[in-house]
Structures are given as structure tokens and as C-alpha cells.
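Take a look at the structure set out below.
Letters A, B, ... mirror the listed sequences (proteins, then strands); counts begin at 1.
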There are 2 protein chains.
Amino acid sequence: MQTSYDVLSPNCPSRVVLNRIGDRWTIFVIMALNGQVLRFGELRERIGAITPKVLTETLRALEGDGLVAREAFAEMPPRVEYRLTALGVSLLEPIGAVRRWAETHVSEVLDARERSAEVGA
Amino acid sequence: MQTSYDVLSPNCPSRVVLNRIGDRWTIFVIMALNGQVLRFGELRERIGAITPKVLTETLRALEGDGLVAREAFAEMPPRVEYRLTALGVSLLEPIGAVRRWAETHVSEVLDARERSAEVGA
DNA sequence: CAGTATCCTGTGAGATACTG
DNA sequence: CAGTATCTCACAGGATACTG
């Protein structure tokens, strides 16, 4: 039983989470499902520029990690609902922390970026 | 002046931060520089499997975003020191939130992953 | 509606070798 | 020591078309 993790180690399980969060589409899906139950098509609409293939991949990954629950109804036409699991909901907190930091400091980052671009170019 | 951000929008400035954090090497560098001033070679050692090229790219990006400060000394042999800026330090907090979540919940994610792998395969 | 199936491309990043 | 310079490749992810 491992009791402590070292994020600096590439094979550390913590890295798993960072990879997932860092994934291009994960955040969008998690945020969209915040407090909502959505169908495949609804997710597509809300996220915008995502293709069905990529949305499916993202959803499958999230499902596999126990963050999102998928419920299919045997109807015609088909209906499938996605929602966050308890684990998925708990992920909203750290994501919120990142988001708050972003909203507070993005302008500084953008300023710095612009300033270095002037010189760099 | 934009007063509110929507992370669900791909062109939202907040996305900038998520991209940066999601970058494969950013976290490693930020964590390594936590409370430390390190030279290029020291960073290489601590991070492990990173190549000089990639470390340079990561460092330049971080510098450009105002998260890391680079100080070069005109000596022979050359000496260059990297440290977090105040902005970089402030980023430690949200990263810490993610890290804590990871340390608490990784086992659940891994369990779920394993369970779905059994079925999926 | 909720996906699959294919094909294709950009680029993050590794390996390797060289330089001020 | 602290990087640059090339070359190469895998793979995330996009476009498009099709199906139970």
C-alpha cells in the first residue's frame, strides 16, 4: 500500500489524474455535466467544436475512469444519458481551483506573453 | 475589458491556463522549482527523463507566460538560474488542489479503470 | 439519435549530435 | 554548462461518410 505519492515521478499514479485533466476535452465534458444530465447530442452542442468521434473517445475514457456514468435506454430512436458520478463530482473542486486561478490571473499571463512576444519576435 | 470567462468556450483566456497546466512538462518544472532556485542541469536531474530540447522549450514557454524567471550569469562556464515568479508561486495553490485530489482519489480511478478493462477487453 | 469506420494531418516530443 | 540544430515518429484529434 502506497501512502505517499511523488508527482515528480512519471510513473506516479497522481500523474494519471493530471493527464486526464490535461486532456484537451475532459474539462469541457466535466464542466458541461456539472449538475446536469445530458444526452450525447446535447453534449456536442454545448461543447461546440468537438466531433462525435472525439466526444465518444473522451466519454469512454471518463467512463472507464469512473468519473462519468452512461445510461442507455432501449428505445427507438436511441437515448443515452451521461452524468457525473460521485467521483466525477468531487473532481469539480480541484478544477474549480484551477478555474478561479485562471480567471484571476489570466490577464497577467497574457500581458507577460505579449511582452515577451514583442522582444522575442 | 472582459469581466467574466466561460471555460466552455475554446477561445476563452481561461483555456490558456488549462493548456499550460495540461502541458506534459509544466507541472514537473513548477513543482521542481517550488521553493527552490535551480540551474538548468539541476532541473534536468530532478525531472528525470526530459531531454534538453524539451526542457528548454518548456522553460521558454513558462518564462514567456511570466511564471518562471531566468537569470543568466556572464561567467565561464555559464550559469543560469531559474526560479518561480510571484505569479508562478500563486499557481502552486491550484496545482496543489489537483494534487490533493489525485492523492485522495487515484486508487478509485485506478480501480474503475481496471474494472472496465476486464470487461472492455 | 448515437454512435462507427476510415482516412489524414499537425505537432509534441524523443534521439542524437553539435556549439558558444 | 547550457543550451541549439536536425531528423523522425507516434498519436491525438479533425473531416467525412456510414449504420443499428
Rounded to whole Å, the CD-P distance (A:E42 to C:dG3) equals 12 Å
It should be established whether B:R24 places a side-chain nitrogen or oxygen under 4.0 Å from OP1 or OP2 of nucleotide D:dA12. no
Round to the nearest Å and state the distance from A:F28 atom CZ to D:dA12 atom C1'. 15 Å
With a 4.5 Å cut-off on side-chain heavy atoms, are B:V54 and B:R24 touching? no
Per atom distances to the A:W25 side chain, the nearest of D:dG14, C:dG3, C:dC1 is D:dG14
Residues pairing under ring-ring contact (aromatic ring centres under 6.0 Å, His included) where one sits in residues 80-103 of chain B, two or more places apart or in two chains, turn out to be B:W101-B:H105
Could you list by number each residue of residues 51-71 of chain A showing a heavy-atom separation from DNA chain D of less than 4.0 Å, or answer none if no residue does? A:T51, A:K53, A:V54
Return the stems involving DNA chain C, sorted by first number, where pairs are Watson-Crick (N1-N3 with N6-O4 or O6-N4) or G-U wobble (N1-O2 and O6-N3), both under 3.5 Å, and runs are 3 or more long. C:1-20 with D:1-20
For B:E93, check side-chain contact (heavy atoms from CB on, under 4.5 Å) against everything at least two apart and list the hits. none
Those residues that, when tested against B:R113, pass side chain to side chain donor-acceptor pair (under 3.5 Å) (two or more places apart): A:D65
For A:E45 and C:dG3, give me the distance from atom CD to atom C1', rounded to whole Å. 16 Å
Decide yes or no on salt bridge (charged side-chain N to carboxylate O under 4.0 Å, His left out) for A:R99 and A:E103, but give the supporting numbers first. CA-CA 6 Å; A:R99 184 186 192 166; A:E103 292 173 351; 3.3 Å; yes
Using whole Å, report how far CD1 of B:I47 lies from P of D:dA2. 14 Å
Interatomic distance where CG belongs to A:D23 and P belongs to D:dC11 [whole Å]: 15 Å
Using the rule side chain to side chain contact (heavy atoms under 4.5 Å, CB included), only one of A:L91, A:V29, A:I30 pairs with A:L84; which is it? A:I30
Minimum heavy-atom separation for B:P78 to B:R39, with atom names? O-NH2, 3.3 Å
For a quick test of reading the model, state the closest non-hydrogen atom pair linking B:E81 to B:R83 and the distance between them. OE1-NH2, 3.2 Å
C:dG3, OP1 or OP2 - any side-chain N/O from A:Y82 closer than 4.0 Å? yes
Rounded to whole angstrom units, what separation is found between the CZ atom of B:R44 and the P atom of D:dT4? 13 Å
So do B:R70 and B:L59 actually touch side chain to side chain, heavy atoms under 4.5 Å? no
Using a cut-off of strictly less than 4.0 Å between a heavy atom of the residue and any atom of DNA chain D, enumerate the qualifying residues of residues 73-81 of chain A by number. A:P78
State, with a plain yes or no, whether a side-chain heavy atom of B:I27 is found less than 4.5 Å away from one of B:I21. yes
Between D:dG13 (C1') and B:N19 (CG): distance, integer Å: 14 Å
Can you check whether A:L43 reaches A:F28 side chain to side chain, under 4.5 Å on heavy atoms? no
